[in-house]
Amino acid sequence: MPPDAWDRDSLVALLDFHVAAGIDLALDETPHDRFAEAATPAVALPRPVQVPAAAALSRPAPPSFPAAAAGPPEQVAADARALAATAEDLAALRALVEAFDGCALKRTARQLVFADGNPQADVMLVGEAPGADEDRDGRPFVGRSGQLLDRMLDAIGLDRSAVYLANTVPWRPPGNRTPTPGEVAICLPFVRRQIALVRPRILITLGAAATATLLDRKDGITKTRGRWLAYAGEDGGSVPAMPMLHPAYLLRQPADKRLAWRDLLALRRTLDGRDGPELASPSPT
Ligand code: URA
């Protein structure tokens with residue numbers, strides 16, 4: 001049967017089938033020769049078409065963005081750095097990230113996933129990138145790995161009112177692929193500014209990617225997890241930082257939850273002043 005003869009229910013069922021299979025993004029209706037495109041100077045690509053889940057069909061379409069700024073990632077990252085430095089508080093930072101068109105991830109994501117939790121918290125956790133659930137909800141760590149993270153925090157008496165959560169890139173990479181080094185470099189000034197504005201007493205990097213990005217440690221999360229390292233802040237100061245296993249990894253490797261438990265206990269002891277690095281005094285409220 002040709003697709004234009006299908007009724008609405010059949011089309012919705014077909015879309016649901018694709019979304020359930022992980023195909024939630026149609027890049028375009030016609031194929032592209034990306035090798036040929038890469039050989040020509042950067043041009044703005046057409047905005048990809050989002051394939052909505054059935055439940056979203058009745059919602060209005062997301063607003064369309066201007067095409068991402070063309071230019072080499074180093075230049076765009078320098079622009080992002082200059083822009084991020086102008087944000088004097090988290091609301092201003094959020095607004096300028098929302099308006100920023102320099103990262104191509106914005107074009108395929110449904111919305112910005114900026115942060116969740118308490119901006120006054122002592123502990124800030126940073127993951128890699130939003131997934132499909134976060135992209136739908138607009139908050140980090142709301143899917144399966146986020147639910148596991150909530151249970152891990154609960155086990156040491158913390159919840160989202162006691163932590164602040166963000167990601168190294170604030171838009172979902174299409175199909176949950178790993179963000180490219182260029183995308184990470186472009187978004188880095190924003191997350192660094194976010195850390196500077198939150199001024200956590202402890203920074204937790206969740207997984208290898210966030211650890212490599214923020215702590216410049218590329219030697220593997222199984223080596224670095226549970227160690228106290230130093231995050232070099234933009235003001236020249238440093239924040240005690242501990243890499244931990246990412247909850248998505250723990251969902252795949254539940255036997256390693258015992259390692260995560262050790263690290264959580266170390267975090268708890270440090271927060272209680274019983275062990276670990278000396279922490280800066282709490283920020284005045
Ligand atoms: N994984 C991440 O790294 N961040 C999220 O927000 C969700 C899953």
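Only a predicted model underlies this, so the values are computations on that prediction, with no experimental measurement involved. Numbers here simply count residues along the sequence, with the first being 1. Both ligands and their constituent atoms are indexed starting at 1 by order of listing.
Ligand 1 has an N or O atom lying under 3.5 Å from an N or O atom of E128, backbone or side chain. Between P130 and ligand 1, not a single N/O pair is under 3.5 Å apart.
Taking every non-hydrogen atom of G127 and a distance limit under 4.0 Å, the qualifying atoms of ligand 1 come out as 3 (O). Interface of E134 with ligand 1, defined as ligand atoms under 4.0 Å from a residue heavy atom, comprises 6 (O), 7 (C). Near H246, with a cut-off below 4.0 Å to any heavy atom, the atoms of ligand 1 are 1 (N), 2 (C), 3 (O). Less than 4.0 angstrom separates some heavy atom of N167 from each of these atoms of ligand 1: 2 (C), 3 (O), 4 (N), 5 (C), 6 (O).
Comment: E183 engages R177 in a salt bridge, judged by a side-chain N to carboxylate O separation of less than 4.0 angstrom. Taking the charged nitrogens against the carboxylate oxygens, D133 and R136 do have a contact shorter than 4.0 Å, which makes a salt bridge.
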Dump the intermediate steps for side chain to side chain contact (heavy atoms under 4.5 Å, CB included) on T205 and T224, then the final yes or no. CA-CA 10 Å; T205 52; T224 50; over 6 Å; no
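Residue contacts with ligand 1 do not include R139, since none of its heavy atoms lies under 4.0 Å from the ligand.
Summarising the local packing, CZ of R144 is surrounded by 12 or fewer heavy atoms from other residues, nucleotides or ligands at distances under 6.0 Å.
Classification of the F190-F100 ring pair by plane angle, with boundaries at 30° and 60°, yields perpendicular.
Contact annotation for P140 and ligand 1: heavy atoms of both the backbone and the side chain come within less than 4.0 Å of the ligand.
Looking at Y164 and Q120, their side chains never bring a donor and an acceptor atom within 3.5 Å of each other.
When only non-hydrogen protein atoms are considered, atom 2 (C) of ligand 1 lies nearest to A129 O, 3.1 Å.
Ranked by closest heavy atom to atom 8 (C) of ligand 1, the top entry among S145, A210, A248 is S145.
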